[in-house]
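Predicted model only: the values in this text are computed from it and were never measured. Counting begins at 1 with the first residue of the sequence.
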Amino acid sequence: MEQTLYLVLLLIALCSVSECVQRQYHFINVLKTWTEAQRYCRENYTDLATTNNMNDMNELKKSVKNGRVWIGLQRTNVNKWQWSSGDPALDLNWGSGYADGRDCGMMSNVVFYNSPFRSTLQFICKNMSTGLVLVNQTMKWRDAQRYCRRNHIDLVSVMNQNENQQIEKFINDRNLSASWVWIGLFRDSWQWSDQSNSSFRYWRSGQPNNNGGNEKCAVIEPQDLGEWHDFTCNNPYPFVCHEDKLILIKEKRTWSEALKYCRQNHVDLVSVHSDEMQRRVMNVVKAASTAQVWLGLHNYCIMHIWLWLSGEKMCYQNWAPGHGTTPENCRLEKRKGAVQSRGDQRWVSLPETHELNFICKND
């Protein structure tokens with residue numbers, strides 16, 4: 001009894017969320033064009049550098065020595081809507097008056113509208129401790145984004161109807177004088193070399209400007225606090241590669257076989273302790289050949305709780321409806337946790353004998 005109580009207290013103490021960078025960055029001090037740099041990174045690491053957030057960006061800046069440096073962002077011919085926070089832009093609640101050529105999002109009366117980046121509006125930031133923050137200053141969209149990132153987390157994302165109504169109530173409670181506010185919605189044609197869906201951008205004010213009509217590749221400028229500029233891809237610069245710490249194994253194995261493989265060839269099956277890590281996992285599992293992918297999540301039947309292989313109890317959760325929230329029948333079969341590779345990519349409880357792809361971690 002005392003041992004059980006001690007284990008419960010230990011698990012509660014371990015229930016902490018940590019933000020960790022899931023890429024290792026490598027500065028290559030050799031002059032190459034963007035395409036040559038991309039080929040070098042793919043042959044020796046994972047790809048040219050991708051960033052998902054300011055944590056990544058700060059790590060990348062630490063690796064850069066000096067001068068202008070290529071990263072893995074390139075202009076394409078396809079414009080798509082995205083959230084500044086990196087969340088996927090699905091089921092957007094557009095109002096009437098949508099027009100091409102207006103590439104940033106604003107909100108009024110529970111619906112979205114698009115506007116040119118050069119317009120100036122008040123805006124809403126998201127803060128880790130206080131939630132939503134209304135900024136009663138008018139700025140251009142990119143300046144508002146920069147303000148939110150430096151003082152809070154980011155411009156607010158609106159992921160569903162419930163959040164939409166919460167933000168509208170937040171605005172109404174503050175008797176906002178203006179009828180429009182910036183939210184974190186924007187559209188651009190830039191794509192990461194590794195095909196990541198990360199919508200994180202860190203452009204210098206006035207960038208990208210496509211000066212001369214042929215600036216299709218992104219560099220970071222250390223003298224501009226690591227902010228980005230667009231340049232002609234044929235210019236020779238040093239560059240930064242990244243090495244992923246999450247590896248999708250496209251072999252079909254039981255959970256125990258997957259665990260053994262990861263521990264023999266990498267470090268372990270992956271644990272998911274935060275929304276940021278879940279987004280990393282979502283990027284990886286898109287290439288899976290099975291409908292679900294094993295995680296390092298197992299059911300501790302005696303206490304009716306789920307644990308990560310890292311030893312931590314689940315503080316962050318992303319279960320699909322009907323999964324993970326009720327006690328499992330341990331007498332019938334042992335259950336393990338997997339993530340869906342399609343749809344909304346939530347977690348599911350499955351018999352450990354199912355044969356699935358799986359994700360190993362390298363850190």
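Note on E227 versus R204: salt bridge recorded, some NZ/NE/NH1/NH2 to OD/OE distance being below 4.0 Å. A salt bridge links K62 with E59; the closest basic N to acidic carboxylate O contact falls under 4.0 Å. Salt bridge status for R75 with D230: present, with a side-chain N to carboxylate O gap under 4.0 Å. Comment: E352 engages K336 in a salt bridge, judged by a side-chain N to carboxylate O separation of less than 4.0 angstrom. In summary, R146 and D143 engage in a salt bridge, as defined by a charged side-chain N under 4.0 Å from a carboxylate O.
When atom types are taken as modelled, the side chain of S84 and the backbone of L155 share no donor-acceptor pair closer than 3.5 angstrom. Using modelled atom types, no side-chain atom of W83 and backbone atom of I183 make a donor-acceptor pair closer than 3.5 Å. Within the 3.5 Å criterion, the main-chain N or O of S289 finds a donor-acceptor partner in the side chain of N357. A distance-only check finds no donor-acceptor pair linking the side chain of N93 to the backbone of F112 [under 3.5 Å]. Put simply, the side chain of T33 never gets that close to the backbone of C233: no donor and acceptor are under 3.5 Å apart. Side-chain atoms of T76 come within 3.5 Å of backbone atoms of V78 as a donor-acceptor pair (strictly under, hydrogens ignored). Not one N or O on the side chain of Q278 forms a donor-acceptor pair closer than 3.5 Å with the backbone of S274. The main-chain N or O of R346 is found under 3.5 Å from a side-chain atom of Q340 such that the two form a donor-acceptor pair. Judged by distance alone, the side chain of K250 and the main-chain N or O of T290 form no donor-acceptor pair under 3.5 Å. Side chain of N210 to main chain of E215: a donor-acceptor pair is present (N/O by atom type, distance under 3.5 Å, no hydrogens or angles).
For the 3.5 Å distance criterion, the side chains of Q145 and D154 fail to qualify, holding no donor opposite an acceptor. Side-chain contact of S119 with R102: a donor-acceptor pair under 3.5 Å is absent, judged by distance alone. Side-chain contact check for R279 and S198: no donor-acceptor pair (N or O, by modelled atom type) lies under 3.5 Å. Side-chain contact check for S85 and S157: at least one donor-acceptor pair (N or O, by modelled atom type) lies under 3.5 Å.
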Evaluation steps, side chain to side chain contact (heavy atoms under 4.5 Å, CB included), between K245 and Q24: CA-CA 7 Å; K245 296 182 180 179; Q24 183 175 357; 4.1 Å; yes

Full working for side-chain hydrogen bond (donor to acceptor under 3.5 Å, both in side chains) between D47 and Q38: CA-CA 6 Å; D47 214 317; Q38 180 190 55; 4.7 Å; no

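The hydrophobic cluster containing Y45 also includes I28, V30, W34, Y40, L48, W70, V219, F231, Y237, F239, under a criterion of side-chain heavy atoms closer than 4.5 Å among ILVMFWY residues, counted directly or through chains of members.
Under a hydrophobic-cluster definition in which Ile, Leu, Val, Met, Phe, Trp and Tyr are linked whenever side-chain heavy atoms come within less than 4.5 Å, directly or via other members, V267 and L259 are assigned to different clusters.
Environment of NZ in K286: crowded, with over 12 heavy atoms of neighbouring residues, nucleotides or ligands closer than 6.0 Å. Within 6.0 Å of NZ in K32 there are more than 12 heavy atoms belonging to other residues, nucleotides or ligands. More than 12 heavy atoms of other shown residues, nucleotides or ligands fall within 6.0 angstrom of atom CZ in R342.
Heavy atoms only, all atoms of each residue included: N127 and V133 are closest at CB-CG2, 3.9 Å.
Side-chain contact check for V285 versus Q345: some heavy-atom pair is nearer than 4.5 Å. Contact of the I220 side chain with the L60 side chain is registered, since non-hydrogen atoms from C-beta on lie closer than 4.5 Å. In this structure, H26 and H242 have side chains that are not in contact, with every pair of non-hydrogen atoms separated by 4.5 Å or more.
Taking the centre of each ring, W180 and Y113 come in below the 6.0 Å mark.
The ring-ring contact (aromatic ring centres under 6.0 Å, His included) test with F123 is passed by exactly one of W141, Y147, W182: Y147.
Within the structure, every pair that satisfies the disulfide bond (SG atoms under 2.5 Å apart) test and touches residues 258-289, not counting sequence neighbours, is listed here: C262-C360.
Classified by interplanar angle (parallel below 30°, tilted 30° to 60°, perpendicular above 60°), the ring pair W228/Y202 is perpendicular. Ring geometry, H266 versus Y261: the interplanar angle falls from 30° to 60°, so the pair is classed tilted.
Considering only residues two or more places apart in sequence or on other chains, W190 meets the ring pair (Phe, Tyr, Trp, His ring centres under 6.0 Å) condition with W203.
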